[in-house]
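Residue numbers count from 1 along this sequence.
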Amino acid sequence: MCRSASVVILCVLVFYSINGFEAEADQSNARNVSVARVEDELFPAGQSIPVARSRRLTQIGRATDNLSHRPIVMGTADVFGKGPYDLFLFPDRLFPFRGLDDDGVPSYGEPLTTKGQPMNGGIISGPGGAIFGVFAAGKKVNVCRFDRKALTFESHAVSNEIDLPGDIGIGIASYLEKSGKLHVYFSVSDGLPYRPAPPPDYQPKPPFPPHHDASYMPFDGAGFWRGNIHRRMLYHASFDSLKMRKTELAARVSEGPGDFLFDAWGLTVVNLDKAHSLALVSSEHLGMMRYFTIDPSTGKLAPNLFVNNEDHVGLRHLAINASVKAIPDSKTGLSDLIVGDSGRIWFYRFTGKFSPNGSPIYKMPRPVMAEGLPLSLGELPAISAGDVDRDGLVDLIAGNDAGQLLFLKNIGSRSRPEFDNPVAVMVGGRPLDIKAGYRGSIQGPAEAMWGYTNPTLYDWDGDGRLDVILNSVLADYMVLLQLPTDGQPVFSEPKLMYCDTLQLHLAWRSQPAITDWGAGCRLCMIAVDEQNLLRCFWRIDNENVERGELLRLQDGSTINANIDEAAGQTGRATLVAHDWDGDGKIDLLIGTSRGLSFPASKTAYYPSSFYPDHKASVLLLRNVGSNEKPVFEYVRLIEFKGTRIGLGIHSCSPAAVDLGRGVVDLLVAEENGTIHYYPRETLSVSAPAP
């Protein structure tokens, strides 16, 4: 497998010491590496790693330890007597307010759990400082009163059923007039199906849906979406009081197609100054924020404008599924914004200014931080480990669903790593921001704001600095070369990679492995190719590769990442080239989604064979040939304390790294944005599949 380079290149290798253990072949010829028990674990085994102790705060995100759902903001109120800043998140989390930084960004303590009715709408404050939740209940509105001592939402009143074409969505805004009249704003789906219908001759393949089939063709020959761009319609309802004994109005805000594309996760009522009446701000599925002034005499809405950024351009949140709520500024009382998305919580400060057309202007987003939370990378992170800034400590680079590239600097020591909060990596002078756009996702334009960046660190150009080879939602491979700098690492503008003069376009949402198959060899990138097979691509220069051979199993068969499903379920594997069993031969660690199906025997496939409990898993593809002529066993599971690692649905991303203990431990990024730590002595390799 090792090929001579046509030009001389510098191969820089980082060797990890694996002294203190010995590899033994078991009856199945698989190797489990055992080490002496190390009591002083670097992080709690099998759990999410925290931010460095000196930092204390990290961004609120969707983490297993605290949130089982996307962090959808429900609103803020004064629960504990420190002002109207305590933060409620769907469906049952309450973050107590701790303080404001110099820029007015709130920070929070560790979350509490609310009881009673789950939150499903918005929070308002009523007479005497009472706190109410205005929640969706099918085609009814459910007003719940919050008990501060018991942290419980109990039903206060339920409206009569409203004549609507569908159920009320989770994005709800409301306000009370001085007279006690309650105004509620919400959205209802137009009911149109999103995905195109399967072809007439389609044969169902239970349990897989039609859009997981190879015959699924989401775009027509002209490149347009064959399904519907469905919408949500904005409604206004008013009630005589919080008891809602009488419904005074329930009507659409506008005519024609729905006001919001796909979904509207957030609605909130804002107060921006005395010269402007109350207004409604919305955030929709693709991140756009709109602004509707409210007629103070009727509660009706004026035609919408875009919320603006400081360039007087419509403000689009950086990630999909934005959920917006107002939070009062501590000095002015005017409405700043807190926004949740698919994975994290952000703060937007109101500038106090308006564009010439009347649009309010907000500053760039800042992360909202809290105590006692694990590191938060956004949803669907893919990680890669290496000494990025060349200070002798192992850092991490991460991609995520939002299409970012994040740097997690190790600010600990050689024997005890501690990772700083992630910061956006500068690429070509600005943060990386990859988005699918209208046609970039196999799954259609509803995914226009997803990026699915999958970076791999390696010294690609041989200058001693770690570069990034990047795949994403677009499936177009790119190279980002690290530039000389004394501070935080920066990279060149992404350059497309080519193979045989054609843009290198392979399976989407997958992370390539890079290896030289031993010192002195030409660099090889292992990737999931167009047929969902593992293939070698050999480096020619910084931007060009040569298509190489397919990797094969001992029986000569190729290695397919998914035989069960196709279309959007292809790709999705994260690959790491590493000598896992210490025999000197390069193996592959593979992070999967639950829908992948790597061959574990002639009849078994992991993790899909565990259906319906087929969670995202970490697999070992062991090289039982040589580095010159690699041949691989069927995949085995990496197990934690004798049980397979199962991490969610959509993805997981392993990194094999010596963090300072003298052995190679395992870090695994989970789809909820956390990174789990697995000490080597807790890991084993499963027996062969039947």
Looking just at side-chain N and O atoms, do [X] and [Y] make a donor-acceptor pair shorter than 3.5 Å?
| X | Y | result |
| --- | --- | --- |
| D476 | Q503 | yes |
| E639 | S684 | yes |
| S608 | D564 | yes |
| W538 | E549 | yes |
| S342 | N321 | no |

Any chance you could measure [X], atom [atom1], to [Y], atom [atom2], to the nearest 0.5 Å?
| X | Y | atom1 | atom2 | answer |
| --- | --- | --- | --- | --- |
| L596 | T574 | CG | OG1 | 9.0 Å |
| D529 | H505 | CG | NE2 | 12.0 Å |
| K435 | W450 | NZ | CH2 | 11.5 Å |
| L553 | T558 | CG | OG1 | 8.0 Å |
| I526 | C536 | CD1 | SG | 5.0 Å |
| L588 | D579 | CG | CG | 11.5 Å |

Point to revise | Intermediate values then yes/no, side chain to side chain contact (heavy atoms under 4.5 Å, CB included), Q554 and F632 | key: CA-CA 6 Å; Q554 284 177 297; F632 296 90; over 6 Å; no

**Study point:** Neighbour count above 12 (heavy atom, 6.0 Å) for Q531 CD
**Key:** no

Flag, side chain of [X] to backbone of [Y], donor-acceptor distance under 3.5 Å:
| X | Y | value |
| --- | --- | --- |
| W508 | T570 | yes |
| S597 | I563 | yes |
| Q482 | D467 | no |
| T515 | A577 | no |
| S651 | L380 | no |
| T453 | Q404 | yes |
| D341 | G343 | yes |
| N672 | R70 | no |
| S609 | A604 | no |
| E671 | I649 | yes |

Please tell me if the side chains of [X] and [Y] come closer than 4.5 Å, counting only heavy atoms from C-beta onward.
| X | Y | answer |
| --- | --- | --- |
| F208 | P206 | no |
| D395 | L457 | no |
| V528 | L534 | yes |
| Y458 | D516 | yes |
| R414 | L393 | yes |
| L470 | Q511 | no |
| M525 | I469 | yes |
| H676 | L667 | no |

Taking all non-hydrogen atoms of both residues into account, name the closest pair between [X] and [Y] and its distance.
| X | Y | result |
| --- | --- | --- |
| A382 | P455 | O-CD, 3.6 Å |
| N400 | E379 | CB-O, 3.5 Å |
| R344 | L318 | NH2-CD1, 4.2 Å |
| H650 | R509 | CB-NH2, 4.4 Å |
| Y194 | A446 | OH-N, 3.1 Å |
| D391 | N410 | OD2-O, 4.1 Å |

Point to revise | salt bridge (charged side-chain N to carboxylate O under 4.0 Å, His left out) evaluation trace for R62 with E670 | key: CA-CA 10 Å; R62 186 194 160 204; E670 188 180 0; over 6 Å; no

Exercise for review: Please report the C-alpha distance between I397 and V425 in whole Å, then the side-chain angles of each, then the deciding distance to 0.1 Å, and finally whether the side chain to side chain contact (heavy atoms under 4.5 Å, CB included) criterion is met.
Suggested key: CA-CA 9 Å; I397 285 282; V425 173; 4.1 Å; yes

Exercise for review: Apply salt bridge (charged side-chain N to carboxylate O under 4.0 Å, His left out) to K409 and D389, showing your working.
Suggested key: CA-CA 8 Å; K409 180 176 173 59; D389 55 6; 2.5 Å; yes

Review point. After noting the C-alpha distance and the side-chain angles of L533 and I559, does the key distance pass the side chain to side chain contact (heavy atoms under 4.5 Å, CB included) rule?
Key: CA-CA 6 Å; L533 301 174; I559 304 170; over 6 Å; no

Review point. So, is the end of the R644 side chain (NZ or CZ) under 6.0 Å from the ring centre of F610 and within 45° of the ring's axis?
Key: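 Yes.
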
Exercise for review: Answer yes or no for R680 and W580: cation-pi contact, defined as NZ/CZ to six-membered ring centre under 6.0 Å and angle to ring axis within 45°.
Suggested key: yes

Exercise for review: Assess whether salt bridge (charged side-chain N to carboxylate O under 4.0 Å, His left out) is satisfied between K205 and D213, documenting all intermediate values.
Suggested key: CA-CA 8 Å; K205 300 176 182 178; D213 192 84; 3.1 Å; yes

Between [X] and [Y], does at least one N-O distance fall below 4.0 Å, as a salt bridge requires?
| X | Y | answer |
| --- | --- | --- |
| D555 | K602 | yes |
| E546 | R522 | yes |
| R594 | E565 | no |
| D587 | K585 | no |
| R622 | E633 | yes |

Review point. Is there a side chain to side chain contact (heavy atoms under 4.5 Å, CB included) between V394 and D387 once you walk through the steps?
Key: CA-CA 4 Å; V394 176; D387 183 4; 5.7 Å; no

Practice item. Determine, stepwise, if the pair F598 / Y606 fulfils ring-ring contact (aromatic ring centres under 6.0 Å, His included). Key: CA-CA 5 Å; F598 282 90; Y606 289 162; over 10 Å; no

